[in-house]
There are 2 protein chains.
Amino acid sequence: MEHTRIKELLKSEEFGRHVIVKGWVKTFRNNQFVAINDGSSLNNIQAVVDFENTDEALLKRVTTGAAVRVSGVLVESLGKGQHVEIKVDELTILGDSDPEKFPLQPKKHSLEFLREIAHLRFRTGTFNAVFKVRNALAFAVHQFFNERDFVYMHTPIITGSDAEGAGEMFKVTTLDFDNIPRDEEGQIDFKEDFFGKATNLTVSGQLEGELAAMALGNIYTFGPTFRAENSNTTRHLAEFWMIEPEMAFYELEDNMDLAEELLKYVIRYALDHCADEIEFLKSRLLEEEKSKPQNERAELNLVDKLNFVLENNFERVTYTDAIEILKRSKPNQKKQFKYLIDEWGADLQSEHERYLVEKHFKKPVILIDYPREIKSFYMKQNEPDTQGRHTVRAMDILFPGIGEMVGGSQREENLDKLLARMEEVGIPSDEIDWFLDTRRFGTAPHSGFGLGFERLVLFVTGMTNIRDVIPFPRTPNNAEF
Amino acid sequence: MEHTRIKELLKSEEFGRHVIVKGWVKTFRNNQFVAINDGSSLNNIQAVVDFENTDEALLKRVTTGAAVRVSGVLVESLGKGQHVEIKVDELTILGDSDPEKFPLQPKKHSLEFLREIAHLRFRTGTFNAVFKVRNALAFAVHQFFNERDFVYMHTPIITGSDAEGAGEMFKVTTLDFDNIPRDEEGQIDFKEDFFGKATNLTVSGQLEGELAAMALGNIYTFGPTFRAENSNTTRHLAEFWMIEPEMAFYELEDNMDLAEELLKYVIRYALDHCADEIEFLKSRLLEEEKSKPQNERAELNLVDKLNFVLENNFERVTYTDAIEILKRSKPNQKKQFKYLIDEWGADLQSEHERYLVEKHFKKPVILIDYPREIKSFYMKQNEPDTQGRHTVRAMDILFPGIGEMVGGSQREENLDKLLARMEEVGIPSDEIDWFLDTRRFGTAPHSGFGLGFERLVLFVTGMTNIRDVIPFPRTPNNAEF
């Protein structure tokens, strides 16, 4: 490889060194100063062309978006905001970029417009920063678990089970839609399908994760999960990545400790390793918020917000206590909530979660011990309270501006209680007989949780639409690229 | 958390320390010696029960597979093959395991049988080792790219494009099979489907990876990919994980260098971090091979094989030279190949790849410059050779016992050549117009490859069936668990 990456050169002090750089033109000023970016850094390197001795036809091809090769000498820069530049010996156009047609010009484009050209938005500073932070967070997740001897498991994406219960599923098939096979009774004959039965895209790797945890001890998944739900919000995707640790012999407190430790670890990692990117995103956000009325702007800037999370313990609150707080809250008393809280058992809506996190506690909150009826069948049942109310050992971690970041629980390890609950909610036990084997053979307390990766990236980048933190978002009516 | 993981205790010298262990019973000998495993290590810890002072009914419940909690004192062991054991104060059964029903008894089970109970096979030594090695390899992949400033990209799993061209695809849909919507012309109306068009499961993240590389420079993917092919072999899965790096400004030589460096890095990482597991798998393989005739056994044991790969350069050979070698080879001359090689242009079969790798060069081989007609449309075209033959800058890395481990190429960066090739093979350009934008705006040389993760795990673990190196394999007619 003859070239050096710009990130390396920007840190270099080797003035006088002959270097070759390859990248894309961001701007070209005064027929002389070419700002070149190769993606390795948010920052460009400036190449100074001796325009008096350079062919004019060549200079005309130095346009935004063109790919160039530049060779020259690394010199100390006198310009503001940079300490090196390249005095160009030779400039070659590798690939032209017609300025009449290239959609990214050196000006501010709206995020909506950039979403339409998601295949080119990686070339902007904002998306360079977002995807660098996303990368750092993903690596930090793996490093966190690796340091703690967790085993990374690839749980299946195509599943024959529809008992995962976390949401609507996509079907996976090779059947010919023009000629759906039927059995003798006229039912669809899935024996003819690829897997010999109906299959779906997974909504969670938890059930399979439990199988592995009940043998390997501590495991985690990090893979794509799917919801075929018609939610067109800024916080939902049909395809998203989830991290799901599952730990044998962990009780709910251990589970909460691990989740809080993980979140702080990865946020700290991003702050340490993406300082430039997060600084850039902080400025972007401040700029964006200028158009908002004062009372809608964030109280803390992005960096302060992230540090605030690191420096404070998450508030741990029972559902029952949270309901009391919400009942007595001003927006409930003044009937400003869309869904008023009047009794124990109500499911919490986004407005309630936001109130607790953003107004009442003003920090991340872990809500535990939810009513059994509004949570999944596999959660461990508490003893009924003095009023005979049934709760489960669930935990949801709520973050400011995001809502639910983590959902988890201690699992019901008692076979009889689990079977009884499955019957109550109508899950046939033969569907997941393999899952029940964990309770038949050497059952033990265990716990786990799911962390929505894009929500984490949203929080750390300060972006506000989840479509802007995944390369190619999949949402209802949208599977472009 | 009150307990300590067994992996930690096995390394401990703190004799006299009071400890609590939780895990599953592997064996119980002489009413006294309980071998306990918690998954953290391949190795068990021995707990010594004072059976004379322990309730007999309790001792009866200490059966293979039962979950137990043991508290006691860590003492130096006089037994063979262990240096610590626990002198038990208190033993509690967390979960029973009926010996009449638990399928895993302390004896050798066949891999075929264990595949049927894939949800329990994690509890065996072999699969503990396999999935620890798999975990180490996955982490090593991330660490390798992280150290080199590559950006991890999550390319989409659900794709609206069917031009990826790497194989048969699974359809993804929410349409009701009992009531497929039709448009006015009687065609299936995909506007009614979730994404408003026909969608599939991805066979490769390459095209999207190229988009990102042409902005961020160096990227890689590591995610699931799918093939709806009816291949029931020991080397094919319908769902498998693939690593696909893509690098702007890399030519074929750079691409080969990176792939070889990656493979050696991750194999060395596994040897360094999974020494016990690989030693165990080496013994397993030697044992398994005892039933084979001498001439079918591997020449090198597992550890020696892995070290051999580390210590030797991969052989880089053009397709044209390989054909000459194959033509003159003994199995070709003696007509022992099923597919005889008689002329340039023939696609290489597994038997030819194995001959080159296992008999002729006896090490990993990188085959380059394949005939254009047998490779994908996006590969960079070489100038025709002196005989007018057209080749492309492809590279396949072939490994002994595995066959194709890596497939890659320098990409065709010239828009006109790419369009011409697409027309020849019948890919409509409007299908992937976004992909072509990389060639319209600042095109540049770039390269990439795909590494099949399960084939890597197969090689490093010495397992022989790909179903045994992924937790829950998906193959034709099989999507259990």
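Numbers restart at 1 for each chain; the letters A, B, ... are given by sequence-line order, proteins then strands.
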Return the option, out of [options], with the maximum number of heavy-atom pairs under 4.5 Å with chain A.
options: B/Ala479, B/Gly196, B/Gly160; result: B/Ala479
options: B/Ala248, B/Gly39, B/Gly223, B/Ser40; result: B/Gly39
options: B/Thr173, B/Leu104, B/Asp193, B/Ile470; result: B/Thr173
options: B/Thr64, B/Asp254, B/Ile93, B/Ile117; result: B/Asp254
options: B/Phe226, B/Phe195, B/Phe127; result: B/Phe195
options: B/Arg134, B/Arg440, B/Arg121, B/Glu413; result: B/Arg134

Please examine the side chains of [Y] and [X], heavy atoms only from C-beta on, and report whether any two atoms are closer than 4.5 Å.
X: A/Asp257; Y: B/Met1; value: no
X: B/Ile219; Y: A/Phe131; value: no
X: A/Phe122; Y: B/Met214; value: no
X: B/Glu239; Y: A/Pro156; value: yes
X: A/Phe472; Y: B/Thr159; value: no

Angle class for the [X]/[Y] ring planes (parallel below 30°, perpendicular above 60°, tilted otherwise)?
X: B/Phe481; Y: A/Trp434; answer: perpendicular
X: B/Trp241; Y: A/His154; answer: tilted
X: B/Tyr250; Y: A/His3; answer: perpendicular
X: A/Phe249; Y: B/Trp24; answer: tilted
X: A/Phe194; Y: B/Phe170; answer: perpendicular
X: A/Phe102; Y: B/Phe441; answer: tilted

Least distance between heavy atoms, A/His119 atom then B/Asp437 atom: NE2-OD2, 2.7 Å
Measure distances from [X] to the heavy atoms of chain A and classify the residue's part below 4.5 Å as side chain, backbone, both or neither.
X: B/Lys197; result: side chain
X: B/Ile188; result: side chain
X: B/Asn218; result: both
X: B/Phe240; result: neither
X: B/Thr475; result: backbone
X: B/Phe145; result: neither
X: B/Arg439; result: neither
X: B/Pro224; result: side chain

N/O donor-acceptor pair under 3.5 Å between [X] side chain and [Y] backbone:
X: A/Arg474; Y: B/Ile158; answer: yes
X: A/Asp38; Y: B/Gly217; answer: no
X: B/Lys132; Y: A/Val151; answer: no

From CG (B/Asn230) to OG1 (A/Thr174), nearest 0.5 Å: 9.0 Å
Atom pair CG/NE2 of A/Asn146 and B/His142 - distance to nearest 0.5 Å: 10.5 Å
Highest number of heavy-atom pairs under 4.5 Å with chain B: which of [options]?
options: A/Met153, A/Glu210, A/Arg123; value: A/Arg123
options: A/Leu211, A/Val25, A/Thr199, A/Ile6; value: A/Leu211
options: A/Pro445, A/Ala212, A/Ala444; value: A/Ala212
options: A/Glu253, A/Arg182, A/Arg69, A/Lys191; value: A/Arg182
options: A/Val68, A/Ile180, A/Asn200; value: A/Ile180
options: A/Ala118, A/Ala228, A/Pro103, A/Ala66; value: A/Ala228

Lys/Arg cation over aromatic B/Phe177: A/Lys171, 6.0 Å, 45° cone: yes
Which atoms of A/Thr155 approach chain B - backbone, side chain, both or neither, heavy atom under 4.5 Å: backbone
Contact origin within A/Arg61 toward chain B - heavy atom pairs under 4.5 Å: neither
Salt bridge (Lys or Arg N to Asp or Glu O under 4.0 Å) between B/Lys7 and A/Asp149, worked out: CA-CA 10 Å; B/Lys7 182 178 177 177; A/Asp149 276 332; 3.2 Å; yes
Evaluation steps, side chain to side chain contact (heavy atoms under 4.5 Å, CB included), between B/Thr443 and A/Leu94: CA-CA 7 Å; B/Thr443 191; A/Leu94 298 173; over 6 Å; no
